[in-house]
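See structure below.
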Amino acid sequence: MGLIAWLVAIYAVICAVAYFGNRAFMYFPDPIRIAPADIGLDDVEEVEIAAGEGVRLIAWYAPAKQDKPIILYFHGNGSNAAERAVRIETMRRDDYGVLYVNNRGYGGSSGKPTEKKKVADAIAAYDYLTALGVSRGKVVVYGESLGSGQAIRLAAERPVTAVVLESPLTSTVDVGRSTYFWLPLDWLITDKYSNEDNIRFVTAPVLVLHGEQDATIPVEMGLRVYRAANEPKQIELFLRGGHVDFFEDGAWEKTQDFLASLSK
């Protein structure tokens, strides 16, 4: 076999590995199940949400106080509720409700994550809240990093008060191109999370939060998602912010200000 034939064969093998294994490079689930009380969140309840195919999602739930909204929180590709306990406690301290959903394979939830299933699970979590009697006008969808894809797709299909996107990507194809520019990623990546396109179908107010030093999802992607969003919308950039390290450095205060402005 000639050199060109060998190179073509190697390239084909790489493409096959990328196609059949791309989810292994996208999701990094921590399956350990930790109860809220085990880390000091005594007013937060662990609940189970029934999803499709017999899957049970483990979520952390606390109702809102003082007529505040409830934050329906979707995490990134390597996080879970226990790792975001400080954020949950911060939201609770300010009387916001929280429903933090551990995606399939994360934090004790069963099943394996895919984009299609995660979107269906986001809708199941929303329906869980409304079945509890939570008003649709009191649900704020919060999507962190890869979770921005769930937040956007849910907000395009269900009425919500607002959408908050922390470090959103334009698409996983765009993220992958920064490293694997020599591969036909449009054909190889199965879970594309095309936020820049999908956000055009969202009519709720949108807040984008992004760190200018983000080395995982460049700030330009957050700007592109913001530009594609419908009005009303707002963007807050954090000069020294990295990927998801600025929540306690002003992002939550900006989020509260944004939500308060919607009720004026």
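No hydrogens, no waters, no symmetry mates; every other heavy atom, side chains included, goes into these values. This structure is a prediction, so every number in the text was calculated from the model and none was measured.
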Identify, with sequence neighbours excluded, every residue that meets ring pair (Phe, Tyr, Trp, His ring centres under 6.0 Å) alongside [X].
X	answer
Phe74	none
Phe246	Phe238
His210	none
Phe247	Trp252

So among Tyr106, Phe28, Trp60, which one has a ring pair (Phe, Tyr, Trp, His ring centres under 6.0 Å) with His75?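 By the ring pair (Phe, Tyr, Trp, His ring centres under 6.0 Å) criterion, His75 pairs with just one of Tyr106, Phe28, Trp60: Tyr106.
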Within one Ile-Leu-Val-Met-Phe-Trp-Tyr cluster: [X] and [Y], side-chain cutoff 4.5 Å:
X	Y	value
Val141	Ile70	yes
Ile58	Ile49	no
Ile199	Leu262	no

Is the CD1 atom of Ile32 crowded by more than 12 outside heavy atoms at less than 6.0 Å?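 It does not: Ile32 CD1 has 12 such atoms or fewer within range.
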Does Lys254 have more than 12 heavy atoms from other residues, nucleotides or ligands lying within 6.0 Å of its NZ?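 Open.
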With Arg136 via salt bridge (Lys or Arg N to Asp or Glu O under 4.0 Å) - residues at least two apart: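 Not a single residue meets the salt bridge (Lys or Arg N to Asp or Glu O under 4.0 Å) criterion with Arg136.
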With sequence neighbours excluded, what pairs up with Asp127 under the salt bridge (Lys or Arg N to Asp or Glu O under 4.0 Å) test?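 For Asp127 the salt bridge (Lys or Arg N to Asp or Glu O under 4.0 Å) partners, ignoring immediate neighbours, are Arg158.
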Drop me the distance from Leu209's CG to Gln234's CD, to the nearest 0.5 angstrom.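 Output value for this atom pair is 9.0 Å.
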CG of Leu154 to CG of Asp121: how many Å apart, nearest 0.5 Å?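 Answer for the CG-CG pair, Leu154 versus Asp121, is 11.5 Å.
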Asn103 side chain to Gln150 side chain, donor-acceptor N/O pair below 3.5 angstrom: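 Gln150 and Asn103 do have a side-chain donor-acceptor pair below 3.5 Å.
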Which pairs with one or both residues in residues 123-154 pass ring-ring contact (aromatic ring centres under 6.0 Å, His included), sequence neighbours excluded?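 Matches after skipping sequence neighbours: Tyr73-Tyr142.
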Verify side chain to side chain contact (heavy atoms under 4.5 Å, CB included) between Ile34 and Glu46, making sure each step is shown before the conclusion. CA-CA 9 Å; Ile34 300 174; Glu46 182 185 81; over 6 Å; no
Side chain to side chain contact (heavy atoms under 4.5 Å, CB included), that's the test. Do Glu144 and Arg84 meet it? Break it down for me. CA-CA 11 Å; Glu144 171 194 321; Arg84 290 292 181 260; 2.8 Å; yes
Under the side chain to side chain donor-acceptor pair (under 3.5 Å) test, which residues partner [X], sequence neighbours left out?
X	answer
Tyr27	Asp191, Tyr193
Thr216	none
Thr170	Asp174
Glu53	Arg104

Determine the minimum heavy-atom distance between Gly78 and Glu83, stating which atoms define it.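 Closest approach of Gly78 to Glu83: O-OE1, 3.3 Å.
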Determine the minimum heavy-atom distance between Ser135 and Val139, stating which atoms define it.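 It is O-CG2, 3.6 Å.
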Decide side chain to side chain contact (heavy atoms under 4.5 Å, CB included) for Val47 and Leu99; before the verdict, give the C-alpha distance in whole Å, the side-chain angles of both, and the deciding distance to 0.1 Å. CA-CA 9 Å; Val47 298; Leu99 181 64; 4.3 Å; yes
Not counting sequence neighbours, which residues clear side chain to side chain contact (heavy atoms under 4.5 Å, CB included) with Pro69? List them please.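 Counting only residues at least two positions away or on another chain, Pro69 forms a side chain to side chain contact (heavy atoms under 4.5 Å, CB included) with Tyr96, Val140.
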Flag side-chain contact, heavy atom, 4.5 Å: [X] against [Y]:
X	Y	value
Arg87	Val244	yes
Leu223	Leu237	yes
Leu41	Glu89	yes
Gln256	Leu259	no
Lys112	Arg23	no

Any donor-acceptor pair under 3.5 Å linking the side chain of Lys233 with the backbone of Tyr226?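 Side chain of Lys233 to backbone of Tyr226: a pair is present.
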Out of the candidates Asn80, Asn102, Val101, only one should pair with Ser109 under the side chain to side chain contact (heavy atoms under 4.5 Å, CB included) rule; please name it.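 Running side chain to side chain contact (heavy atoms under 4.5 Å, CB included) over Asn80, Asn102, Val101 with Ser109 returns exactly one hit, Asn102.
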Take Leu207 and Val163 through the test side chain to side chain contact (heavy atoms under 4.5 Å, CB included) and record every step on the way to the result. CA-CA 6 Å; Leu207 171 64; Val163 182; over 6 Å; no
